[in-house]
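See below for the structure under consideration.
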Amino acid sequence: MGSSNLRHPQPVNNKYIFALVDCNNFYVSCERVFAPKLQGRPVVVLSNNDGCIIARSNEAKALGIAMGTPFFKAARFLSRHGVTVFSSNYPLYGDMSWRVMTTIKKLEPDVEVYSIDEAFIRLPHSAILDLPEYGRRIRNIVRQHTGIPVSIGFGPTKTLAKIANRFAKKEDKYQGVCDLSSTSAQPFLGRCPVGDVWGIGRQSSDKLQKQGITSALDLLKRDDGWIRRRLTVRGLRTVMELRGISCIELEKAGPSKSIASSKSFGYQVKSLNELREATATYVTQAAVKLRLQRSLAGCLQIYLRTNRFSRTQPYYAAGETIKLPEATADTALLIKLALQGLEKIYRPGLRYQKTGVVLSRLSPAQRRQLSLFADPQKNRDKLMSALDLINARWGRFTIQHGVAGFAKPWQHRQDRKSPAYTTQWADLPIVRASGQL
DNA sequence: TCTGGGGTCCTAGGACCC
DNA sequence: TCTGGGGTCCTAGGACCC
């Protein structure tokens, strides 16, 4: 009884208004900053291995191109309609994101960077008289400083700010800013499909549709017990938020709780040796991130899978979880354990599509728990620092463990990648004066 | 031929203990 | 022949997010 009460969502407070700042078609917008002639033209950006379409300009959306469409299925359609296609360029998007977030943080103190292209802002209630005007101001400043267009939604809760943002983006009359904090949100919720609500995904949406719940407004009207039973506490939290009761606080970023690294191969890999190279490569990448956030890993998972869409061979997926005797950030040690795990789950004769590693049970590096018989770690720490320094300066595989391979033929190529305009000197864009100025 | 990658949180159920 | 019940901890898997 007591504990179930504790798990009931608790309203945080209603002293604040939340704003959600969301970059429009973010990856496409990043590409357009450096290719202005693509303004007003259809553009898409592909996922990591040129696999799926993960970002679309408005013009591409208007052509009916769906999010997540496999590229190979859409390639002909895209070229027929003159759609410009980019491989994803994460150094560029990461840097542009940093610029947008820095600009927002200069304007407001309470900012949560929620994802690469979204930030929540928390504003004291009634601190600002004209929210839409304030939203337009933020919009103009971000645009001017970074070249990225954003939309802004205001609401008394994060969930309502999300919905406000959805309208700001979808309906031209709002011109990128929509405020649900001072008016009744109900008419908007009636026009918002339940599956578009933040926290209601595919599964829940299907379940709710079958119960006749199609809009956010329908959901809001159901009683707490009914929702709790079907959607768990998280669903109930969402519904409270729709009702204007804030249950999800602003969160300042801390170190992450797990770090993953994985990628699909460029071709179907059969040999254990290539899998070992890939595994060692991904462990190396994860360990760099681990040290960057000054954490140690207490647990390592390695997994392996064949192509789940294959019609010629059965699907095989397996993983191995390894608890480390003592938390570590030592690449060599992590590689050694990962390769032991890999050999356990490797089955000869199969063609593999993907492998990956996850580091978890992370703890701060300053509070290292030494085991009684451990060797002194100091030299290993220094070695890792030197490694990171060299690779940061000269490129991420300048020095690496031999087992990670050198040619890495199994890696996927990305054929349509734009230059790293803002993070590599060699890729810096060149501007020429035209004389007509 | 070709279908992404990196995260978080919650729950059910098993293991274990008394 | 009889074979409890309740609490806690941990983990795998599911659902969701971008």
Side-chain angles (χ1 to χ4, degrees), chain A residues 2-4 7 9 20 22-23 25-27 44-55 66-76 85 87-90 93-94 97 112-120 158-159 162 165 195-208 228-238 247-248 251 253-268 282 285-286 289-290 293 298-299 301 303 305-312 315 317-323 351 353-362 412-415:
Chain A
S3 77
S4 81
R7 300 192 79 89
L20 177 67
D22 192 328
C23 301
N25 316 325
F26 182 55
Y27 297 168
V44 299
V45 177
L46 305 178
S47 65
N48 236 306
N49 291 316
D50 290 351
C52 300
I53 293 163
I54 54 166
M67 184 75 172
T69 308
F71 175 54
F72 74 90
K73 284 188 183 170
R76 292 193 59 183
V85 180
S87 298
S88 45
N89 183 348
Y90 285 100
Y93 311 150
S97 172
E112 170 187 345
V113 177
Y114 176 67
S115 73
I116 195 164
D117 67 339
E118 285 174 61
F120 284 105
K158 280 178 156 183
T159 305
K162 271 267 189 188
N165 194 290
D196 281 11
V197 175
W198 188 44
I200 306 294
R202 195 50 211 287
Q203 304 294 321
S204 303
S205 172
D206 287 353
K207 207 188 305 185
L208 291 168
R228 174 80 167 78
R229 273 194 303 282
R230 285 165 182 78
L231 303 179
T232 79
V233 280
R234 302 190 72 178
L236 186 49
R237 213 171 283 156
T238 293
C247 298
I248 305 174
E251 285 170 34
S256 65
K257 295 172 179 176
S258 67
I259 294 170
S261 180
S262 69
K263 239 175 225 83
S264 301
F265 298 123
Y267 52 85
Q268 311 267 302
Y282 303 148
Q285 283 167 207
K289 276 198 204 169
L290 185 68
Q293 68 166 45
C299 187
Q301 279 167 270
Y303 62 88
R305 61 186 55 151
T306 62
N307 187 347
R308 67 182 190 282
F309 298 102
S310 173
R311 290 182 189 165
T312 55
Y315 180 52
E320 179 76 10
T321 301
I322 299 153
K323 274 182 204 156
R351 289 168 319 192
Q353 191 232 353
K354 178 177 182 173
T355 183
V357 299
V358 184
L359 304 177
S360 56
R361 299 197 172 196
L362 308 188
H412 211 293
R413 295 216 321 277
Q414 294 184 300
D415 299 329

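So you know, we letter chains A, B, ... as the sequences are listed, proteins then strands, and number each from 1.
In terms of heavy-atom proximity, A:Y315 sits nearest to A:T306 at CE1-O, 3.2 Å. Counting all heavy atoms, side chain and backbone alike, A:D50 lies closest to A:F71 at O-CB, 3.6 Å. In terms of heavy-atom proximity, A:S264 sits nearest to A:H412 at O-CB, 4.4 Å. For the residue pair A:T159 and A:W198, the shortest heavy atom distance occurs at OG1-CE3, 3.7 Å. Taking each heavy atom of A:R305 and A:A317 in turn, the nearest pair found is CB-CB, 4.0 Å.
The side chain of A:F72 lies closest to B:dC2 when the candidates are B:dC2, B:dT11, B:dG4. You'll find that the side chain of A:K323 is closest to C:dT11, out of B:dC10, C:dT11, B:dG4. The side chain of A:S47 lies closest to B:dG4 when the candidates are C:dC17, B:dG6, B:dG4. In the set B:dG4, B:dT3, C:dA12, B:dT3 carries the atom at the smallest distance from any side-chain atom of A:K73. For A:W198, the side-chain atoms get nearest to C:dC17 when compared with the rest of B:dC10, C:dC17, B:dG5. Side chain of A:Y114, nearest nucleotide from B:dT3, B:dG5, C:dC18: C:dC18. Of the candidate nucleotides B:dC2, C:dA15, B:dG5, B:dC2 has the atom lying nearest to any side-chain atom of A:Q268. Distance from the side chain of A:S204 is smallest for C:dA15 among the nucleotides C:dC18, B:dT3, C:dA15. For A:Q353, counting side-chain heavy atoms from C-beta on, the closest listed nucleotide (B:dT11, B:dT3, C:dC17) is B:dT3. Closest to the A:Q203 side chain, of the nucleotides B:dG4, B:dC10, C:dA15, is C:dA15.
Taking 4.0 angstrom as the limit, A:R228 places none of its side-chain polar atoms (N or O) nearer than this to OP1 or OP2 of B:dC10. Residue A:R361 places no side-chain N or O under 4.0 Å from the OP1 or OP2 atom of C:dC10. Remark: A:N49 is in phosphate contact with B:dG5, judged by side-chain N or O atoms under 4.0 Å from OP1 or OP2. Dashed line: the shortest gap from a side-chain N or O of A:K162 to OP1 or OP2 of C:dC18 is under 4.0 Å. Put simply, A:R237 has a side-chain N or O that comes within less than 4.0 Å of OP1 or OP2 on B:dC10. OP1 or OP2 of B:dG6 lies within a sub-4.0 Å distance of a side-chain N or O belonging to A:S262.
Looking at heavy-atom distances under 4.0 Å, A:D50 makes no contact with the nucleic acid at all. Among the atoms of the strands shown, none is found under 4.0 Å from any heavy atom of A:F71. Counting any heavy atom pair closer than 4.0 Å across all strands shown, A:K289 reaches sugar-phosphate atoms only and no base atom. Across all strands, A:V197 comes closer than 4.0 Å only to sugar-phosphate atoms, never to a base (heavy-atom distances).
Contacts between residues 253-261 of chain A and DNA chain C, defined by a heavy-atom separation below 4.0 Å, involve no residue at all.
The CZ-C1' distance, from A:R308 to B:dG5, rounds to 12 Å in whole Å. Rounded to an integer number of Å, the gap from A:R311 CZ to B:dC2 P is 11 Å. Remark: P of B:dT8 and CD of A:Q301 are 13 Å apart, rounded to the nearest angstrom. Nucleotide B:dT1 holds its P atom 15 Å from the CZ atom of A:F309, rounded to whole Å. For the pair A:L362 CG and B:dT8 P, the interatomic distance rounds to 8 Å; values are reported in whole Å. Atoms OH (A:Y303) and C1' (B:dG5) sit 8 Å apart, rounded to a whole Å. Distance, A:Q285 CD to B:dG6 P: 8 Å, rounded to whole Å. Computed from coordinates, the A:R305 CZ to B:dG5 C1' distance equals 11 Å when rounded to whole Å.
When each of A:E251 and A:K263 is assigned the nucleotide of DNA chain B bearing its nearest heavy atom, the one mapping closer to the 5' terminus is A:K263.
Side chains of A:N48 and A:S88: no donor on one and acceptor on the other come within 3.5 Å.
Side-chain atoms of A:S47 never come within 3.5 Å of backbone atoms of A:I54 as a donor-acceptor pair (strictly under, hydrogens ignored).
Using a 4.5 Å heavy-atom threshold, the side chains of A:F265 and A:T355 count as touching.
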**Request:** Applying side chain to side chain contact (heavy atoms under 4.5 Å, CB included), run through A:V233 and A:R228 and close with a yes or a no.
**Result:** CA-CA 6 Å; A:V233 280; A:R228 174 80 167 78; 3.4 Å; yes

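Across all strands shown, B:dG13 forms a Watson-Crick or G-U wobble pair, both distances under 3.5 Å, with C:dC10.
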